[in-house]
K.L.:
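Here you go, one structure.
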Amino acid sequence: MCDDVRVGLVAPPWIPVPPPSYGGTESVIDNLARGLAARGHDVRLFTVGESTCPVARCSLFDHAVQPIGATVAEAAHVLRAYECLSDCDIVHDHTMIGPLTWARVDQGPAVVTTNHGEFTAMTRAVYRAIAARVPVIAISHAQRESAPEVPVAAVIHHGVDLDVYRYGPGGDYLLFVGRMNPDKGVHDAIRLARRAGRRLVVVSKIWEDVERKYFDDVVRPLLGPDVELLTEATLAERVELFRHAAALLNTIRWPEPFGLVMVEALACGTPVIGFPRGAAPEIVDNGETGFLDCDEDVLLRAPIESIDRHACRAAVERRFSVARMAQDHETLYERVLDNRPRIA
């Protein structure tokens, strides 16, 4: 693809890019923007005003919109986004409302979209309806296979900045990083670490009602001196925790479409211990960069110390770098632009 292609990225209005603390999608958008810019493209990001991603930015809202999921605010956000990005060659929209609206428009830039979440009954219907005019990107093969009726233009794994997530020597504690949500299995991580006789550090956000209720009803009663809970941690703090952890516990209870936290841990040399649900088997090489099993007793017997931390880092360098992610998107953008008459 020519190096002067104008690429517009539309981020959701809920969290700045990059996120100050929690924000998986926003971290991915930040990495993609910087990766595409490094490949010579004119990248423009529509986000909220407090974002700091180092590319050209524009916005409607000065600050992140609350509550998350406010439909009217999202609609206003994406309408302004398409006005601001109207002279781009291609727009990569990471919202839900934007692609659904743009699928009915006959003029303007080419548009692609990424599904960052699970293919539910409702989202399958939406993506199936728009896929002929707005190519859909899946973030894992597991996610794609969960919705065979949805035409998917490409499967592109996320990448992380290897200059940020640096190799570390490890340590003696186990680490859990994720939302305070039953699907993330925080209580399973506490129980597993306790059975293993290991100290556990939990880094989690507790913003939403469902998160607060789960914490109060299920997780809080399990806390003790062997569990350290951090509800706010900067990127630098999380990286240091990754670098000095013995292993990451990824005790997810749902088919997570990707699981960026696993890649972040591996980039720091930290193996992953968890359940083989969703995209986990696409990220963790069982027995080489971690251990995946549905049987907790098997995980408890897993020889964590046998994992070569350098091999964990090397796996990310090969498969989950920002450069690889940007190149994969560039390839898709080129194909979409070449075929524009058929999808416009």
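Predicted model only: the values in this text are computed from it and were never measured.
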K.L.:
For the residue pair E282 and H141, confirm or rule out a side-chain donor-acceptor distance under 3.5 Å.
P.N.:
no

K.L.:
Is any NZ, NE, NH1 or NH2 atom of the basic residue among R198 and D226 found under 4.0 Å from an Asp or Glu carboxylate oxygen of the other?
P.N.:
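Looking at R198 and D226, the cut-off is not met.
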
K.L.:
Could you check whether T114 and H92, counting side-chain N and O atoms only, form a donor-acceptor pair closer than 3.5 Å?
P.N.:
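There is such a pair between these side chains.
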
K.L.:
Under 3.5 Å, is there a donor on one side chain and an acceptor on the other for Y82 and D93?
P.N.:
yes

K.L.:
Could you tell me if E330 and H41 have a donor-acceptor pair between their side chains, going purely by distance under 3.5 Å?
P.N.:
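A donor-acceptor contact under 3.5 Å links the two side chains.
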
K.L.:
Strictly under 6.0 Å, is that where the ring centroids of H244 and Y173 end up?
P.N.:
no

K.L.:
Which donor-acceptor pairs under 3.5 Å do the side chains of residues 56-70 make with protein atoms, sequence neighbours left out?
P.N.:
| from | atom 1 | to | atom 2 | distance (Å) |
| --- | --- | --- | --- | --- |
| R57 | NE | S51 | O | 3.2 |
| R57 | NH1 | C53 | O | 2.5 |
| R57 | NH2 | S51 | O | 3.4 |

K.L.:
Between R191 and E296, does a salt bridge (charged side-chain N to carboxylate O under 4.0 Å, His left out) hold up when you go through it step by step?
P.N.:
CA-CA 10 Å; R191 186 182 66 253; E296 290 187 9; 2.3 Å; yes

K.L.:
In Å and rounded to the nearest 0.5 Å, what is the CZ to CD1 distance from R34 to I29?
P.N.:
12.5 Å

K.L.:
State whether a side-chain donor-acceptor pair under 3.5 Å links R179 with S204.
P.N.:
no

K.L.:
Under the side chain to side chain contact (heavy atoms under 4.5 Å, CB included) rule, what do R194 and V227 come out as? Steps first, then yes or no, please.
P.N.:
CA-CA 9 Å; R194 193 161 282 156; V227 179; 3.6 Å; yes

K.L.:
Is the closest basic N to carboxylate O distance between E256 and K184 below 4.0 Å?
P.N.:
yes

K.L.:
Looking at I273, V261, V284, which one forms a side-chain contact (heavy atoms from CB on, under 4.5 Å) with L248?
P.N.:
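Result for side-chain contact (heavy atoms from CB on, under 4.5 Å) with L248: V261.
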
K.L.:
Is it true that D87 and R44 make a salt bridge, defined as a side-chain N closer than 4.0 Å to a carboxylate O?
P.N.:
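Yes, charged N to carboxylate O under 4.0 Å.
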
K.L.:
Quick check on the 6.0 Å ring-centre criterion: do H310 and Y167 meet it?
P.N.:
yes

K.L.:
When you look at R166 and R243, which way does the side chain to side chain contact (heavy atoms under 4.5 Å, CB included) test go after all the steps?
P.N.:
CA-CA 7 Å; R166 308 180 315 281; R243 295 181 68 239; 3.7 Å; yes

K.L.:
Using the ring of each side chain (for Trp, its six-membered ring), is F119 parallel, tilted or perpendicular to Y127, with breaks at 30° and 60°?
P.N.:
perpendicular

K.L.:
Ring centroid separation for F46 and H77, is it under 6.0 angstrom?
P.N.:
yes

K.L.:
Give a yes or no on whether a salt bridge exists between E317 and R313, defined as a side-chain N under 4.0 angstrom from a carboxylate O.
P.N.:
yes

